[in-house]
Amino acid sequence: MAKKKVILSFPPRLIQEPVTNVLIRQFDLQITILRAQVRPRERGRMVVEMIGEKQNFDAAFKYLDEKGVQVDPVVQEMRYMPEKCVHCTACVAVCPTHALSVDPQTRELCFEPSKCIICESCIPACSYQAIESQF
Amino acid sequence: MIRTIEEINARIKSGKVVVATAEEVVGLVREKGAAQAAKEVDVVTTGTFGPMCSSAAYINFRQSTPKIKCGGGRVTIDGVRGYAGFAAADVLIGCSALPDDDPRNAVYPGLFQFGGAHVIQKLVEGKKVKLEVRAYGTDCYPRREYTVELGLEDLNDAVLFDPRNAYQLYNVAVNLGEKTAYTYMGVLKPRLGNANFSTAGALSPLLNDPKLRTIGIGTRIFLAGAEGYVVWPGTQHVAKPQRDAKDLPLSPSATLALMGDLKQMDARYMRAASVTGYGVSLSVGLGVPIPVLDEQVMVHCAVADEDITYPIIDYGEAYPMGRSGNLGRVSMAELMSGHIEIDGKTVPTGCTTSRVYSRRIADELRQRILRGEFLLTRPVAALPGAELAY
């Protein structure tokens with residue numbers, strides 16, 4: 001079993017189509033929607049965690065590609081800028097996944113992108129604009 | 001008395017002084033006892049770094065030709081309104097001041113991206129700001145409009161003046177309400193979603209000298225990289241708070257009014273803060289040296305994160321409505337563990353004071369003392385409610 005966290009970007013024409021449903025039923029993938037956003041006239045975006053067999057992933061990505069759904073890995077969506085951070089740790093308490101945490105010894109802020117679900121709760125909590133969302 | 005301030009300063013000048021940070025003496029006292037630790041250490045350094053909304057700077061700009069009198073007129077710096085109720089060329093800019101056209105909380109929660117604190121920070125960073133003066137004109141100051149770009153070096157004087165900083169004890173903020181509260185204690189999620197605290201704990205200046213036996217009016221301090229002074233009790237200073245067995249306050253207690261030369265300050269120890277939904281604030285780095293005059297000073301400096309307790313206050317309703325009552329007390333050590341228990345619920349904690357920067361400041365102050373660059377002072381007067389050990 002493989003696990004991937006990706007961002008799916010849907011062109012406006014696909015917004016009414018049950019693409020996620022196809023991924024689940026046809027490719028036997030377990031899909032957790034972490035975040036979804038649709039804006040008028042813009043592409044829709046969804047952060048999903050997918051669990052399934054390797055060959056099913058390959059087929060699913062081929063299907064998405066043919067449909068015109070762009071698949072991007074979740075890497076630089078949330079940008080943490082350590083030079084702006086003062087390590088106050090106000091963001092830590094509002095982070096639901098512990099992607100933001102405090103080193104118990106140094107008391108420095110640690111950001112673990114693989115745990116981030118791009119909920120953006122940390123952005124208003126930071127008074128120093130040390131975290132930016134590109135989502 | 002183990003040593004006098006004169007003896008400590010003589011040891012600083014001869015390079016023999018022994019300085020420890022307030023965190024380090026916790027372990028030292030546990031290991032060797034306060035009596036021995038007091039014999040070994042001459043000075044304990046403290047530090048804190050967090051938003052201190054009661055911060056301001058006053059400046060004196062060089063006169064234009066013909067001269068202008070801003071007093072009674074209107075002044076803005078980078079669009080932020082300054083206070084112009086003084087003489088011809090003195091302007092005060094408060095860190096929370098905003099440009100007239102800032103939407104504030106009209107678009108809720110407001111972002112407060114630029115204000116007085118940003119102006120002060122720009123000056124300290126060596127950047128230019130735009131001063132605009134509108135005056136009514138007098139015989140001796142005939143000019144009515146003056147616009148100039150200027151930096152710190154162009155000003156006759158620039159002084160940081162903070163009427164209330166360095167709270168001895170502060171609340172832990174939670175939200176019992178049903179909607180998110182945007183407060184000066186940060187974003188508080190509803191139904192006890194998180195708990196925010198604002199203190200440097202064991203490094204906090206006034207918690208290491210809870211009865212203000214060494215800190216008074218005239219105490220020389222580290223203020224945002226410059227030498228500054230305690231100039232007065234801070235506003236809302238409480239002379240006689242309730243105390244626990246270790247003399248730590250249990251109710252609202254001491255605060256300090258501080259001043260320092262903005263021209264000597266260092267942008268690494270000062271940062272404008274845009275507090276979502278609340279406003280602009282200025283995070284100021286403060287370090288206070290504590291001379292170990294007697295064993296009792298060391299007993300107080302040995303305060304640990306486990307010892308200090310803070311009241312938990314509901315900022316959803318009780319605080320804004322001015323209702324008293326707290327939801328219990330919690331120790332700094334518990335707060336630093338990442339979560340606390342309130343009413344049987346596990347609540348994640350976040351802080352608005354940087355322990356990293358607080359340590360950096362306590363250490364920087366230590367280095368300056370060790371290098372002989374920073375001498376200690378005897379206060380000229382005690383703060384209200386205090387008796388000096390000198």
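Reminder, nothing fancy here: chain letters follow the sequence lines and each chain counts from 1.
- Both the backbone and the side chain of A:Val86 come within contact range of chain B, judged by heavy atoms closer than 4.5 Å.
- Heavy atoms of A:Cys85 lying under 4.5 Å from chain B belong exclusively to its backbone.
- Taking each heavy atom of B:Ala273 and A:Tyr128 in turn, the nearest pair found is CB-CE2, 3.9 Å.
- Chain A forms the most heavy-atom pairs under 4.5 Å with one residue out of B:Ser283, B:Gly186, B:Ser198, and that residue is B:Ser283.
- For a residue to count as touching a neighbouring chain, one of its non-hydrogen atoms must lie under 4.5 Å from one of that chain's; by this rule B:Tyr278 does not touch chain A.
- The shortest heavy-atom contact between B:Thr349 and A:Val92 is O-CG1, 4.3 Å.
- Ranked by non-hydrogen atom pairs under 4.5 Å with chain A, the options B:Gly350, B:Ser354, B:Ser358, B:Pro51 are led by B:Ser354.
- For the atom pair CZ of B:Arg359 and OG1 of A:Thr106, the computed distance is 7.5 Å after rounding to the nearest 0.5 Å.
- Rounded to the nearest 0.5 Å, atoms CZ (A:Arg107) and OG1 (B:Thr353) are 12.0 Å apart.
- Among B:Arg271, B:Met185, B:Arg355, the residue with the largest count of heavy-atom pairs under 4.5 Å with chain A is B:Arg271.
- The two residues A:Val94 and B:Lys189 make their nearest non-hydrogen contact at O-NZ, 3.3 Å.
- Across B:Thr352 and A:Ala90, no two heavy atoms sit closer than the pair CG2-CB, 4.5 Å.
- With a threshold of 4.5 angstrom between heavy atoms, A:Pro104 does not approach chain B through any atom at all.
- Counting heavy-atom neighbours within 6.0 Å of A:Gln55 CD, excluding the residue itself, gives a total above 12.
- Here the OG atom belonging to A:Ser127 is positioned 11.5 Å from the CZ atom belonging to B:Phe112, to the nearest 0.5 angstrom.
- More than 12 non-hydrogen atoms from other residues, nucleotides or ligands lie less than 6.0 angstrom from NZ of B:Lys345.
- No more than 12 heavy atoms of other residues, nucleotides or ligands sit less than 6.0 Å from atom CG of B:Asp343.
- With a 4.5 Å cut-off on non-hydrogen atoms, A:Cys91 does not touch chain B at all.
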